[in-house]
Amino acid sequence: MMHDSRDYAHELFLITPGPRPPFFEVVIHVYGPNDTVDTDGDSRLREATDWTWLYMQLRKPPYREQPVVEVAMLEGKNVMRIASDEADLAERTAVFLASQAGGTISRKLPT
């Protein structure tokens, strides 16, 4: 299911990913172990690797100005969209997910 509710300035696609790393590993890799991060998604258990949607935003004043990273599997495809208004966050997230879940990073949605 596609959960994103908006367009982002930067998006990458991870083609044919396997099981994902648990949410907390993605958050730690992108933001570090000491930052407080607002997250949401569909992971049912802490160690789950079958999640399909993840939302992350640093909790740091000014909160509303912190860029969001959103990761979502595209409905009906084995493609994951990684999107953010900050290119570096999207890239860091995509590279980490590819290193853990496999797959190929693309800047364009495959047809």
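For the single chain, residues carry numbers from 1 onward in sequence order.
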### Query
Can you list the steps and then say if Tyr31 with Leu89 is a side chain to side chain contact (heavy atoms under 4.5 Å, CB included)?
CA-CA 9 Å; Tyr31 294 100; Leu89 285 175; 4.2 Å; yes
### Task
Check for a donor-acceptor pair, side chain of Asp85 on one end and backbone N or O of Tyr8 on the other, with a separation under 3.5 Å.
no
### Query
What are the two closest non-hydrogen atoms of Leu97 and Pro21, and how far apart are they?
CD2-CD, 3.8 Å
### Query
Hey, what do you get for CE (Met56) to CD (Gln66), rounding to the nearest 0.5 Å?
13.0 Å
### Task
Drop me the distance from Ile105's CD1 to Phe13's CZ, to the nearest 0.5 angstrom.
12.5 Å
### Query
Should Asp35 and Arg59 count as an ion pair when the cut-off is N to O under 4.0 Å?
no
### Arg20 to Ala101 - nearest heavy-atom pair and separation
CA-CB, 4.2 Å
#### Entry: Thr16 and Asn78: side chain donor to acceptor below 3.5 Å
no
### Interatomic spacing from CZ in Arg92 to CG in Leu12 - rounded to 0.5 Å
13.0 Å
### Message
Test side chain to side chain contact (heavy atoms under 4.5 Å, CB included) on Val26 and Thr39; report intermediate values, then the result.
### Response
CA-CA 11 Å; Val26 180; Thr39 62; over 6 Å; no
### Non-hydrogen side-chain atoms of Tyr55 and Val37 separated by less than 4.5 Å
no
### Query
Side chains of Leu14 and Val79: does their closest heavy-atom pair fall under 4.5 Å?
no
#### Entry: Residues Glu91 and Arg107 bridged, charged N to O under 4.0 Å
yes
### Interatomic distance, Asp40 atom CG to Glu70 atom CD [nearest 0.5 angstrom]
9.0 Å
### Task
State, with a plain yes or no, whether a side-chain heavy atom of Val71 is found less than 4.5 Å away from one of Trp51.
yes
### Message
In the structure I gave you, are the side-chain heavy atoms of Ser84 and His10 within less than 4.5 Å of one another anywhere?
### Response
no
### Query
Can you name the nearest heavy-atom pair linking Phe96 to His29, along with the distance?
CB-CD2, 3.2 Å
### Query
Which is it for Glu25 and Arg46 under the salt bridge (charged side-chain N to carboxylate O under 4.0 Å, His left out) test, yes or no, and what are the steps along the way?
CA-CA 10 Å; Glu25 290 182 12; Arg46 177 174 163 79; over 6 Å; no
### Task
To the nearest 0.5 angstrom, please state how far the CE atom of Met80 sits from the CD1 atom of Ile15.
11.0 Å
### Query
In Å and rounded to the nearest 0.5 Å, what is the CH2 to CE distance from Trp53 to Met73?
15.5 Å
